[in-house]
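Below is one structure, written out as structure tokens; comments come after it.
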Amino acid sequence: MKHFNFSLLLVGLTALIWSCSPKEAEQKRPNIIFIMSDDHAYQAISAYSNHLIETPNIDRIAKMGMLFTNASVTNSICAPSRATILTGKHSHLNGKIDNHFPFDTTNITFPKILQQAGYQTAMFGKLHFGNSPKGFDQFKILPDQGSYYNPDFITKNEGNIKVEGYVTDIVTDMTLDWLQNERNADQPFMLMYLHKAPHREWLMAERHMNEYTNKTFPEPATLFDDYSGRGSAAWDAEMNLLKHMNWAGDSKLYPEVMEEMGIPDISGWDKGAFDREVGRLNPEQRANWDKAYMKVNKDFKKAYPTMTEKEKMQWRYQRYMQDYLGTIASVDENVGRVLDYLEANGLMENTIIVYTSDQGFYLGEHGWFDKRFIYNESFKTPLLVAWPGKVQAGSKSDEMVQNLDFAQTFLDAAGVPAPADMQGESLIPILTGQTEKWTRDAVYYHYYEYPAVHMVKRHYAIVTKEYKLVHYYFDVDEWELIDRAKDPQEMKNVYDDPAYIEIKKDLHARLEKLREKYGDSSELSQEFIDRYLDDIAKRRAGGANQQTVKEILEKSGRKAAYEFE
Ligand code: SGN
Ligand code: CA
């Protein structure tokens, strides 16, 4: 009912605003292109640092506009981040707390509002909601996680289709085709161009395989972290490159090579993952794939029998980076194609171009891959925004902005009022150099998907520019305090250090206030926990080890009444 009233009000308001002088107003309303990749770490964008890869095209956006060095997410995992982006609300309010439940499409989202306000809307690529997007005039999306090779798409007008080729190129072709042939020049547009890459299992385009499988990358300083300075959450997580990464599915060993070398299947879906992805290639594509990866396998067979544990870790890191960064090479090229199109067609002038990721990612820091944790590499996310004429070229901001802020930013840019219950803040003041209007000094974080794949414990936190105060809960009750300035690599929990008594007190009080402000509470979390436990029973915890899940549930005093195989 609340939503219905709001929509009516909105239609009325926008009609009022745009009826005065439609022509003039239409010209002013900016187009919006929201480019998002999946799991793209800021460490792998050269506008942030070029120690791993050059991304000249993504960097063009920062050169034309603003680079955010302190952008973060509210819940570092795929579908919840996307839900927060669309709704401008924290997970506990939009209901999408983890990857498991489908998104509640009755939520008010900024695309729905912009569509009602006269924007032409389209989405291409990965959504990962378990249902189709609402508020879009056109969409072609990948089902669930999607595939890298010869991917399937769910489309608004053509049903389900399979397209031959490489996913990053195809999603871009669809985007360019829409810009060229479907875009209505009389309307402003809001386009979501959403890459699957560089998501696991990191499969690159044929044209990059030879180059990237032969590259060597610098190791992060914390590759051999033993987690001794922190609590049980870091210890218990299953994200270690050596211990938890699949040898076939991730590192691209042929299943028969694994067998020959006596390497066991770690996750239970290792060889299946290899077949699922590589098995999609047609014979010609497969022959090209083999050209690069047979060499990788041959070299490995020679080296493996005498490798130390340390060398195995190093090998896995190199393999990981080769494939992960190889997928980013295609993302960068394709972002370049879209920017070139905008330039060639006079669309740069009045278009907001955003490049971001659904969250950050560990590239071997702390010995990890994946995300979920509040430690910097996955809490922070890349954010580059261009808006020629409005945002100063080559500018930078270290303000604590979040994915929570996109909805209100876009509505603000379009001159459309945002619903009062959206929880972000418009970034327009920062983008246009009026930073004195930006007052946020802390952000709130809450991660829920546990017990589940990668076993990162539930936690909520307050983050300021100086500190992180984190509470791990569910089957533990542990607090962590990180001094961000003194310990940028986040190796030491100083919660029990007497030097931090006052700081701790202050942060606890501020955390409580933030939880109140955003309407999060233990009671609400309990409701979600119960819902989640039901889900575990049904879905077998999304790849997590069932024995571990059972033990965790028992240990935390929660029912063991569920059936486990
Ligand atoms: C899959 C991946 C996980 C990943 C989740 C969530 N395993 O389960 O490593 O954390 O997706 O990723 S895989 O072997 O199937 O790739 S998310 O980006 O969708 O949140
Ligand atoms: Ca993701």
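Note: hydrogens, waters and symmetry copies are ignored here, and every other heavy atom, side chains too, is used.
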Begin with the C-alpha distance, continue with both residues' side-chain angles, and end with the deciding distance and a verdict on ring-ring contact (aromatic ring centres under 6.0 Å, His included) for H40 and Y355. CA-CA 10 Å; H40 193 168; Y355 187 89; 5.8 Å; yes
Looking at R372 and E449, is any side-chain nitrogen of the basic one under 4.0 Å from a carboxylate oxygen of the acidic one? yes
Mind listing the side-chain donor-acceptor pairs of residues 241-248 below 3.5 Å, one per line with the distance, residues two or more places apart or on another chain?
from : atom 1 : to   : atom 2 : distance (Å)
H244 : ND1    : M239 : N      : 3.2
H244 : ND1    : N240 : N      : 3.0
N246 : OD1    : S267 : OG     : 2.6

Donor-acceptor pair, side chain of N214 and main chain of N210, under 3.5 angstrom: yes
May I ask you to decide whether D39 forms a salt bridge with R200, counting only side-chain N to carboxylate O separations under 4.0 Å? no
Can you find a heavy atom in the side chain of Y293 that is under 4.5 Å from one in the side chain of V278? no
Is the shortest side-chain heavy-atom distance between L363 and Y320 below 4.5 Å? yes
Can you confirm whether I61 sits close enough to V335 that some side-chain heavy atom of one is under 4.5 Å from a side-chain heavy atom of the other? yes
Indicate yes or no: at least one non-hydrogen side-chain atom of F369 is less than 4.5 angstrom from one of W202. yes
If we only count heavy atoms from C-beta on, is the Y445 to K468 side-chain gap below 4.5 Å? no
Do we get K215 above Y212's six-membered ring, with its NZ or CZ under 6.0 Å from the centre and within 45° of the axis? yes
Less than 6.0 Å separating the ring centroids of Y473 and Y460? yes
One thing to verify: whether R276 and E201 come together as a salt bridge, which I'm taking to mean a side-chain N less than 4.0 angstrom from a carboxylate O. yes
In terms of relative ring orientation, are Y166 and Y149 parallel, tilted or perpendicular, with 30° and 60° separating the classes? tilted
Pair D38 + R82: basic N to acidic O under 4.0 Å: yes
Counting C-beta onward and ignoring hydrogens, is there a side-chain heavy-atom pair between L253 and I263 closer than 4.5 Å? yes
Would you call R337-D173 a salt bridge at under 4.0 Å N-O? yes
Can you confirm whether E219 sits close enough to F224 that some side-chain heavy atom of one is under 4.5 Å from a side-chain heavy atom of the other? yes
Hey, does the side chain of N493 reach the backbone of G229 with a donor-acceptor pair shorter than 3.5 angstrom? no
By side-chain contact (heavy atoms from CB on, under 4.5 Å), which residues pair with E54, not counting sequence neighbours? S46, N50, P56
Option passing ring pair (Phe, Tyr, Trp, His ring centres under 6.0 Å) with F373 (candidates F379, W368, Y227): W368
Identify the residue among S72, S76, S81, P80 that makes a side-chain contact (heavy atoms from CB on, under 4.5 Å) with N403. S81
Would you find a donor on one side and an acceptor on the other, under 3.5 Å apart, between the side chain of S357 and the backbone of G360? no
Just so I know, are the side chains of I35 and I353 near enough to count as touching, which here means a heavy-atom distance under 4.5 Å? yes
Salt bridge or not for E277 and K252, using N-O below 4.0 Å? no
Give the ring-plane orientation class for Y362 versus H366, where under 30° counts as parallel, over 60° as perpendicular and anything between as tilted. perpendicular
Would you call K271 and D275 a salt bridge, taking side-chain N to carboxylate O under 4.0 Å as the test? no
Looking only at the aromatic ring of each residue, does the gap between the centers of F361 and H199 stay below 6.0 angstrom? no
Do D332 and N57 meet the criterion of a side-chain donor-acceptor pair at a distance under 3.5 Å? yes
